[in-house]
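All of these numbers come straight from a predicted model, not from anything done at the bench.
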Amino acid sequence: MRRHQLMRTTGYDLGIFEQAVRAYAEFRAPVVPLRGEGFNLLGDHFHPLLAALAPLYRLFPSPLTLLVVQSALLALAVVPLFRWATRAVGPRGAHAVAAGYGLSWGVASAAAFDFHEVALAVPLLSFSLEALGRQRWRTAVAWAAPLLLIKEDLGFTLAAVGAYIAVKGPRRLGIATVAAGLLASLTEIKVLLPAFHPGGDYAHGGNLADGHGSLLSTLAHAPLDALRPDIKAMTLILVFAPSALLALRSPLALIAVPTLAWRMASENAFHWGTAFHYSAVLMPVVFAGLLDVLGRETSRRTVRASLVTVLAVTAVMLPSFPLAQLAQRATWRTASHVEAARSLLARIPDGATVAASNRLAPQLTSRCTVVLFPTFPVGGRLYEYRHGALPAPTAEWIVHDPEAPEAWPYRRGHWPYPLEQQREELAAAERTHGYTVVARRDGITLLHRRGTP
């Protein structure tokens with residue numbers, strides 16, 4: 001919440017998800033202007049379960065609602081893990097496991113960067129894993145089944161749950177779960193997502209590696225591709241580090257394979273590292289694997305030493321990840337630039353259409369129709385950088401902030417276009433497209449155009 005107050009959240013992604021949930025709350029399809037004119041967000045990722053947040057958002061229409069809900073969902077996942085830990089390692093050990101999960105870098109990274117649909121998956125998977133640990137096979141499937149409505153790749157995670165059940169429990173139930181998970185993900189990727197996408201294809205299909213010319217060659221190179229560049233190998237180690245690597249001794253660790261596989265196979269470098277939300281869904285798997293191993297350990301001394309190591313690793317990793325921001329003075333100071341931005345945004349009336357800089361967009365999405373300045377994306381395409389190819393702006397208001405301070409996980413820089421191009425588009429709006437300057441303060445410019453474009 002404090003990051004949002006300091007304008008460190010972004011239109012991509014907090015503003016996008018707020019526009020979708022706001023649409024659900026108003027009984028509309030999740031059309032998201034930030035992604036393009038008429039863009040249905042179900043054509044980006046398949047997450048209809050987001051509609052479950054609509055009643056709460058209707059009561060509290062604010063981006064802070066999404067941030068609080070996300071934190072609550074991430075926290076809820078500790079409940080089944082704590083119950084399992086109490087049985088496996090006792091009450092004191094259970095608190096160590098709970099602290100390890102709650103302070104884990106995967107959870108912190110998800111909470112620190114806007115809102116994402118995978119927050120819904122984290123507690124569901126955690127409850128499912130606890131049921132697997134108690135050999136309550138049908139309960140485990142029931143908890144994991146809603147994953148199909150959260151993100152298209154999570155059907156493969158459901159299939160992994162089914163594979164575990166097929167080996168450890170009733171084979172017929174496990175095989176049926178594997179089939180359901182695979183069929184659901186393939187249907188969402190091949191049929192449903194293209195049906196909602198303006199271009200008629202899978203929006204993230206381009207992230208998949210092209211391969212090496214043939215199936216055999218691709219399979220032969222797969223182990224090396226999963227470890228190159230070096231950041232991939234580092235991420236694979238860090239994923240299991242919160243368990244002191246003990247989770248790797250549990251067959252439950254295989255449930256992390258689908259998520260790790262698509263990330264390492266992706267050509268999007270953001271998927272390879274430890275930033276953003278991509279590892280949140282893996283943290284319950286890691287700690288479930290830890291509990292599975294410790295629950296079978298007969299030596300209390302070994303269990304105690306393992307938990308001490310888990311807490312030591314957690315403490316060592318804390319300064320490198322977002323929770324360390326709580327101890328930074330800048331987190332609790334409001335800069336004059338933020339105050340200037342707030343004063344200009346307050347001059348934009350409710351219900352207006354606004355083209356805003358990325359950091360300003362989520363400050364307005366609860367009360368205005370917002371697109372990203374300058375008129376981005378173009379035709380639903382994410383990266384249209386051709387100079388001079390942008391269409392004329394159509395929003396009533398434009399608010400532009402040339403500052404782009406470093407705010408985790410982004411370094412200092414301007415997005416989606418270089419600052420020079422943004423300034424050219426801002427000047428063209430005033431010179432050619434009929435906008436007038438309402439106010440300038442601390443480098444931030446507010447423009448308005450009367451009448452219909």
Side-chain angles (χ1 to χ4, degrees), residues 46-49 76-77 79-81 83-85 87-88 97 101 106 117-118 120-192 219 222-223 226 236 239-240 243 246-265 278-297:
F46 192 74
H47 39 48
L49 199 58
L76 179 61
V79 173
L81 293 174
R83 287 195 309 222
W84 187 354
R87 297 191 302 270
V97 171
Y101 166 81
E117 74 287 327
V118 294
L120 294 163
V122 175
L124 289 171
L125 188 55
S126 187
F127 279 101
S128 178
L129 289 163
E130 184 207 17
L132 290 177
R134 303 187 71 175
Q135 298 187 352
R136 294 182 175 178
W137 311 116
R138 293 184 181 274
T139 302
V141 174
W143 278 113
L147 297 176
L148 301 177
L149 303 178
I150 296 174
K151 197 161 176 276
E152 64 277 3
D153 66 278
L154 290 175
F156 299 117
T157 299
L158 176 62
V161 171
Y164 181 89
I165 293 172
V167 173
K168 297 288 188 177
R171 181 171 298 179
R172 183 175 298 180
L173 174 63
I175 293 174
T177 304
V178 171
L182 294 177
L183 180 62
S185 274
L186 292 175
T187 300
E188 290 170 5
I189 292 171
K190 295 291 187 179
V191 179
L192 297 179
L219 292 175
L236 291 175
V239 162
F240 294 97
S243 71
L246 291 173
L248 290 170
R249 293 171 49 191
S250 169
L252 286 172
L254 295 174
I255 295 175
V257 168
T259 297
L260 289 173
W262 73 255
R263 287 176 60 187
M264 298 302 110
Y278 301 112
S279 297
V281 76
L282 299 175
M283 293 299 102
V285 180
V286 170
F287 282 90
L290 171 67
L291 291 172
D292 181 45
V293 171
L294 295 183
R296 291 186 268 108
E297 180 59 59

For the [atom1] atom of [X] and the [atom2] atom of [Y], what is their distance to the nearest 0.5 Å?
X: Ser185; Y: Leu158; atom1: OG; atom2: CG; value: 8.0 Å
X: Leu282; Y: Leu236; atom1: CG; atom2: CG; value: 10.0 Å
X: Phe240; Y: Leu260; atom1: CZ; atom2: CG; value: 5.5 Å
X: Ser250; Y: Leu291; atom1: OG; atom2: CG; value: 9.5 Å
X: Asp292; Y: Glu297; atom1: CG; atom2: CD; value: 12.0 Å
X: Leu125; Y: Leu120; atom1: CG; atom2: CG; value: 13.0 Å

Side-chain contact test, heavy atoms from C-beta onward, threshold under 4.5 Å: evaluate it for [X] versus [Y] and give yes or no.
X: Val122; Y: Met283; result: no
X: Lys168; Y: Ile165; result: no
X: Leu254; Y: Tyr164; result: no
X: Ser128; Y: Val161; result: yes
X: Ile255; Y: Leu132; result: yes
X: Val281; Y: Thr157; result: no
X: Pro123; Y: Val79; result: no

Query - Listed partners of Trp143 passing ring-ring contact (aromatic ring centres under 6.0 Å, His included), at least two apart - result: Phe127

What heavy-atom pair brings [X] and [Y] nearest, and what distance separates the two atoms?
X: Pro170; Y: Trp137; result: CD-CD1, 3.1 Å
X: Leu147; Y: Leu154; result: O-CB, 3.6 Å
X: Leu252; Y: Trp84; result: CD1-CH2, 3.7 Å
X: Phe156; Y: Leu186; result: CZ-CD2, 4.4 Å

Take atom [atom1] in [X]; do more than 12 heavy atoms of anything else shown fall under 6.0 Å from it?
X: Arg138; atom1: CZ; value: no
X: Arg83; atom1: CZ; value: yes
X: Arg172; atom1: CZ; value: no

Query raised in the report: Do Ser279 and Arg263 have side-chain N/O donor and acceptor atoms under 3.5 Å apart?
Result: yes

